[in-house]
Amino acid sequence: MPRISTLRITRSHKIATAVLVAAGSVSAIAATGGPSEAQTTATRPSISVEPVAAAGIPTAKDAAAKKAAQETAAKEAAAKKAMAARKATAEKDAAEARSEKQAANRSTERKAVTPKKFANNLDGWIRESLDIMKKKNIPGSYEGLHRNIMRESSGNPNAVNDWDINAQNGIPSKGLLQVIQPTFDAYHVKGTPKKLTDPVANITAAANYAADRYGSIDNVDSAY
């Protein structure tokens, strides 16, 4: 009787057993239907899905963004309008200020150019002389001028003394305050005519001379 190898039988048995076990496992899986849908879903990671706008229909987020943009545009427009209004007001105020300044300058110029009006008589000559004397800081009063004029010439601007020592020397005293030519030339006040018998020039030069020699025409009570 032939001998059968124990080792060969053992290996064949193990292989057959393994095949049977594998087949049983496959049958078991097929019977149970594999892992359930719920189990499969549970193992999947959750995904957040943003709402997608349908064609031509904005989402709530789009509407909010559009509203915010409109509000921003409205604020910018209001700010520009307010700025333009402030600029217009400032320009108007500046124009009015310039106009007022120009008007004031014109008024000042007219006052500076327009000379004072004085009567062409003794009262007017004295007052005009006093106006010039005030500007030149020459002392004297209306009373002092009038008093000396009446004594020297009785108010005649063309009066000439042709008998005193000055006349004898060829330089007669002339005018309202009887001034000789050398004295008039030395004390003539700029702004008055350079004519000895001009009433205003004669009075002002005499007052200037009297201020230098006596302190003021008011201090003169006789021939000077």
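When reading the values below, keep in mind they use all heavy atoms of this one structure, side chains included, and skip hydrogens, waters and symmetry mates.
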Self-check item: Single-linkage hydrophobic cluster Y224~I171, side-chain heavy atoms < 4.5 angstrom
Solution: no
Quiz item: Who passes side chain to side chain donor-acceptor pair (under 3.5 Å) against D198, sequence neighbours left out?
Solution: none
Quiz item: Cluster question for you: counting only ILVMFWY and a side-chain heavy-atom cut-off of under 4.5 Å, with indirect links fine, are I149 and V160 together?
Solution: no
Quiz item: When you check the side-chain N and O atoms of T59 and D62, is any donor under 3.5 Å from an acceptor?
Solution: yes
Quiz prompt | In one Ile/Leu/Val/Met/Phe/Trp/Tyr side-chain cluster, 4.5 Å: F118, I126 | solution = no
Quiz item: Hey, does S141 have a side-chain heavy atom less than 4.5 Å from the side chain of L145?
Solution: no
Exercise. Can you run down the salt bridge (Lys or Arg N to Asp or Glu O under 4.0 Å) pairs that involve residues 146-168, sequence neighbours left out, and say none if there aren't any?
Key: E143-R147, R147-D221
Quiz item: Among pairs that include at least one residue of residues 120-139, which meet salt bridge (Lys or Arg N to Asp or Glu O under 4.0 Å), considering only residues two or more places apart or in two chains?
Solution: K116-D131, D123-R127, D131-K135
Practice problem: Return the orientation label for the Y214 and Y209 ring planes: parallel under 30°, perpendicular over 60°, tilted otherwise. | Solution: perpendicular
Self-check item: G140 versus L130, closest heavy-atom pair with distance
Solution: O-CD2, 3.7 Å
Show me the donor-acceptor pairs within less than 3.5 Å that the side chains of residues 174-188 make with the rest of the protein, sequence neighbours left out.
from, atom 1, to, atom 2, distance (Å)
Q178, OE1, N161, N, 3.4
Q178, NE2, A159, O, 3.2
Q178, NE2, G175, O, 2.9
Q181, NE2, D185, OD1, 2.9
Y187, OH, D212, OD2, 2.5
H188, NE2, T192, O, 2.9
H188, NE2, T192, OG1, 3.1
H188, NE2, P193, O, 3.3

Using a 3.5 Å cut-off and no angle test, enumerate the donor-acceptor pairs between side-chain atoms of residues 77-84 and protein atoms at least two apart in sequence or in another chain.
none

Self-check item: Listed partners of N120 passing side chain to side chain contact (heavy atoms under 4.5 Å, CB included), at least two apart
Solution: W125
Quiz prompt | Student check: side-chain heavy atoms of T197 and N202 closer than 4.5 Å | solution = no
Practice problem: Dump the intermediate steps for side chain to side chain contact (heavy atoms under 4.5 Å, CB included) on E96 and D93, then the final yes or no. | Solution: CA-CA 5 Å; E96 290 178 351; D93 292 343; 4.2 Å; yes
Practice problem: Would you check if the side chain of N148 reaches a backbone N or O of G144 as a donor-acceptor pair within less than 3.5 Å? | Solution: yes
